[in-house]
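The structure presented is a predicted model; accordingly, all values stated were derived computationally and were not measured. Throughout, protein chains are lettered first and strands after them, A, B, ... in sequence-line order, and every chain is numbered starting at 1.
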There are 2 protein chains.
Amino acid sequence: MAQKETARSILDAAEELFSERGFAETSLRNITTKADVNLAAVNYHFGSKKALIQAVFARFLTPFVAELDTALNDWTKNKDADPTDLMALLRLLSDTALRSGAERPERLRIFMRLLGLAYSQGQGHLRRFIRVEYGQVFRRYSELLSEATPELSHEDRFWRFHFMLGATMFTLNGVDSLSAMAEHDLGKATTTPDVIEQLLPFLASGLQSPVGS
Amino acid sequence: MAQKETARSILDAAEELFSERGFAETSLRNITTKADVNLAAVNYHFGSKKALIQAVFARFLTPFVAELDTALNDWTKNKDADPTDLMALLRLLSDTALRSGAERPERLRIFMRLLGLAYSQGQGHLRRFIRVEYGQVFRRYSELLSEATPELSHEDRFWRFHFMLGATMFTLNGVDSLSAMAEHDLGKATTTPDVIEQLLPFLASGLQSPVGS
DNA sequence: AAACGTTTTAAACGTATGTTTGAAACACTT
DNA sequence: AAGTGTTTCAAACATACGTTTAAAACGTTT
């Protein structure tokens, strides 16, 4: 039953190389060399490079989305909770992301880099795959976010959601180089959870900024 | 003197194709076909694909940085202006960007997409090129931003600057698809200046969020 | 109009990519 | 231990890429 081992080490190598250099810039030969398996193993186990890319995302997203789903169930069932507590709702998402897979936050960094690449590199097939496969949970979270910001108009909310998403994606996408810069400039080590702790109040304030006209 | 025409049409085709599909995903054959010039023209006029990529950025950044520089001179010389007027300082940057090249805001969309790609795709040579060639003006703007947020600690400011940058890059990077979504959801057309008008108060509020802990 | 430097052209070069092949090695049941 | 289905392997495949070449076309100066 060593075939599972081959597929796993391919996924390990692929997610690391993809996150470092992008999809187009990472060849199957790079991956199979790093994974120490035969070149043909990718096509045998996954079918194609596109399918491998999707499999890398699926390994991240499937458990994360499952955990987020149960966390959202708890949130809506818990009638004591304040549905307009925006910070709590943001923290629910970040906690789930940090805890997901019960692995080191190291993993979240790679995950966010991959997600950023999925949006910035062509990879239309990937965006489609993610939307079709995992879109429902994110729509659900988005609805709860709407309930937590009742003072916003549809339009303001739409745009500010995306501003939030952008600040988050960009930051966690480059969290390794940003942390290095921060340590150099401030002489202080910063972990991913630290960065998120800085990020959340920024997002909440931005979302709840007084609406002008 | 038709050789300038060839180089220009190559740059036109390259900046459009790069912004749509990324650098690695756009071949010189794609570019020269779209520009209706011979394949060898790229290497003849620019030397290599890397040099072409840098030339595309230079054509955007050189006039923009020049305009920003004079705008910053006016800002610091104008002693009536309030150096802590954050919104005014943000608007100075966005106005300069929108006006740069005296062309349609259409161009800004492409520019931001390219900038986003420069950060997300490998392209270490590009980041180096941009930093070495244009870094000084951005450092200058960053110092003025510091003066405009005297209540922030070094650390808070460092992180919030990057949150701002992220929200801006991500939003303007995908402003075309976001505007399409907005029009579909809200039945209301949104231009790039409209989006920026929504973005600035979000950024200012986030930056000035009360510091906890 | 002749000569010269510049630009364009079609073709080829070498290299790297994703994928396929068919035989060998393996794991497991009978 | 023979037989069977699965997995690995080295090799080759076809294709696409960035770059180079050498000759042709062009434009300008003499």
Side-chain angles (χ1 to χ4, degrees), chain A residues 1-59 114 117-118 121-126 128-129, chain B residues 1-59 114 117-118 121-126 128-129:
Chain A
M1 204 100 13
Q3 76 278 16
K4 295 279 175 190
E5 179 66 19
T6 300
R8 198 190 51 75
S9 58
I10 288 176
L11 287 172
D12 287 344
E15 80 175 26
E16 195 162 328
L17 290 176
F18 283 154
S19 79
E20 287 170 3
R21 332 205 302 219
F23 303 112
E25 295 82 356
T26 303
S27 71
L28 295 185
R29 284 167 177 83
N30 294 149
I31 294 169
T32 53
T33 299
K34 172 158 190 153
D36 199 38
V37 302
N38 187 271
L39 167 62
V42 170
N43 286 279
Y44 177 78
H45 285 279
F46 298 95
S48 69
K49 187 181 182 181
K50 275 188 184 179
L52 170 62
I53 294 176
Q54 294 180 358
V56 166
F57 275 81
R59 190 167 64 145
L114 290 173
L117 286 171
Q121 308 214 182
Q123 307 300 342
H125 72 97
L126 230 186
R128 214 171 310 123
F129 169 76
Chain B
M1 206 60 71
Q3 74 277 15
K4 294 281 176 190
E5 178 65 20
T6 299
R8 198 190 51 74
S9 59
I10 288 175
L11 286 172
D12 287 344
E15 83 177 25
E16 194 162 329
L17 289 176
F18 283 154
S19 80
E20 287 170 2
R21 332 207 296 221
F23 302 112
E25 294 82 356
T26 303
S27 71
L28 295 187
R29 284 168 177 83
N30 294 151
I31 295 169
T32 52
T33 299
K34 173 159 191 153
D36 199 38
V37 301
N38 188 273
L39 167 62
V42 170
N43 287 279
Y44 177 77
H45 286 281
F46 298 95
S48 70
K49 187 182 182 180
K50 275 188 184 181
L52 171 63
I53 295 176
Q54 294 180 359
V56 166
F57 275 80
R59 190 165 67 143
L114 290 173
L117 287 171
Q121 310 217 179
Q123 307 302 338
H125 72 98
L126 231 187
R128 216 173 307 122
F129 170 76

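The distance from atom CD of Glu5(A) to atom P of dT6(D) is 20 Å, rounded to the nearest whole Å. Nucleotide dG18(D) holds its C1' atom 16 Å from the CG atom of Leu17(B), rounded to whole Å. Separating the CZ atom of Phe46(B) from the P atom of dT7(C) is a distance of 12 Å, rounded to the nearest angstrom. As rounded to whole Å, 4 Å separates atom P of dG18(C) from atom CG of Leu28(A). Protein atom OH of Tyr44(B) is 7 Å distant from nucleotide atom P of dT8(C), rounded to whole Å. In this structure, Phe23(A) places its CZ atom 13 Å from P of dG18(C), rounding to the nearest Å. Look at CG on Asn43(A): it is 14 Å from C1' on dT8(D), rounded to the nearest Å. The CD-P distance, from Glu25(B) to dT17(C), rounds to 14 Å in whole Å.
In terms of the side-chain contact (heavy atoms from CB on, under 4.5 Å) criterion, residue partners of Ala41(A) (sequence neighbours excluded) are, by chain and number, Thr6(A), Ile10(A), Val37(A), His45(A). Every residue meeting the side-chain hydrogen bond (donor to acceptor under 3.5 Å, both in side chains) condition with Asn30(B), not counting sequence neighbours, appears here in chain and number order: Arg21(B), Ser27(B). Residues passing the side-chain contact (heavy atoms from CB on, under 4.5 Å) test with Ala58(A), sequence neighbours excluded: Thr62(A), Phe129(A), Tyr134(A). Leu28(A) pairs by the side-chain contact (heavy atoms from CB on, under 4.5 Å) definition with Ile31(A), Leu39(A), Val42(A), Asn43(A), Lys49(A), Leu52(A), not counting sequence neighbours. Scored by the side-chain hydrogen bond (donor to acceptor under 3.5 Å, both in side chains) test, Thr33(A) finds no partners at all (sequence neighbours excluded).
The side chain of Arg29(B) lies closest to dG18(D), out of dA12(D), dT8(D), dG18(D). Of all nucleotides listed (dT8(D), dG18(C), dT8(C)), dG18(C) comes nearest to the side chain of Lys49(A).
Taken residue by residue, residues 32-41 of chain A places heavy atoms nearer than 4.0 Å to DNA chain D at Asn38(A), Ala40(A).
For Thr6(B) and dT7(C), the shortest distance from a side-chain N or O to OP1 or OP2 is not below 4.0 Å. For the pair Ser27(A) and dT17(C), the criterion of a side-chain N or O lying under 4.0 Å from OP1 or OP2 is met. For His45(A) and dT8(D), the shortest distance from a side-chain N or O to OP1 or OP2 is below 4.0 Å.
Residues Phe23(A) and Leu126(A) form a side-chain contact, since some pair of their non-hydrogen atoms from C-beta on lies under 4.5 Å apart.
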Just the table, please: protein N/O against nucleotides 22-26 of chain D N/O, every pair under 3.5 Å.
none

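For residues 9-19 of chain A, the side-chain hydrogen bond (donor to acceptor under 3.5 Å, both in side chains) pairs, not counting sequence neighbours, are Arg8(A)-Asp12(A), Asp12(A)-Arg59(A), Glu15(A)-Arg59(A), Glu15(A)-Arg107(A), Glu16(A)-Lys34(A).
Among all heavy-atom pairs drawn from Val56(A) and Ala14(A), the shortest one is CG2-CB, 4.0 Å. Contact detail for Phe57(A) and Ala118(A): the closest heavy-atom pair is CZ-CB, 3.8 Å.
Note on the helix from dA1(C)-dT30(D) to dT30(C)-dA1(D): terminal axis deviation equals 0°, with five pairs used at each end and the result rounded to 10°.
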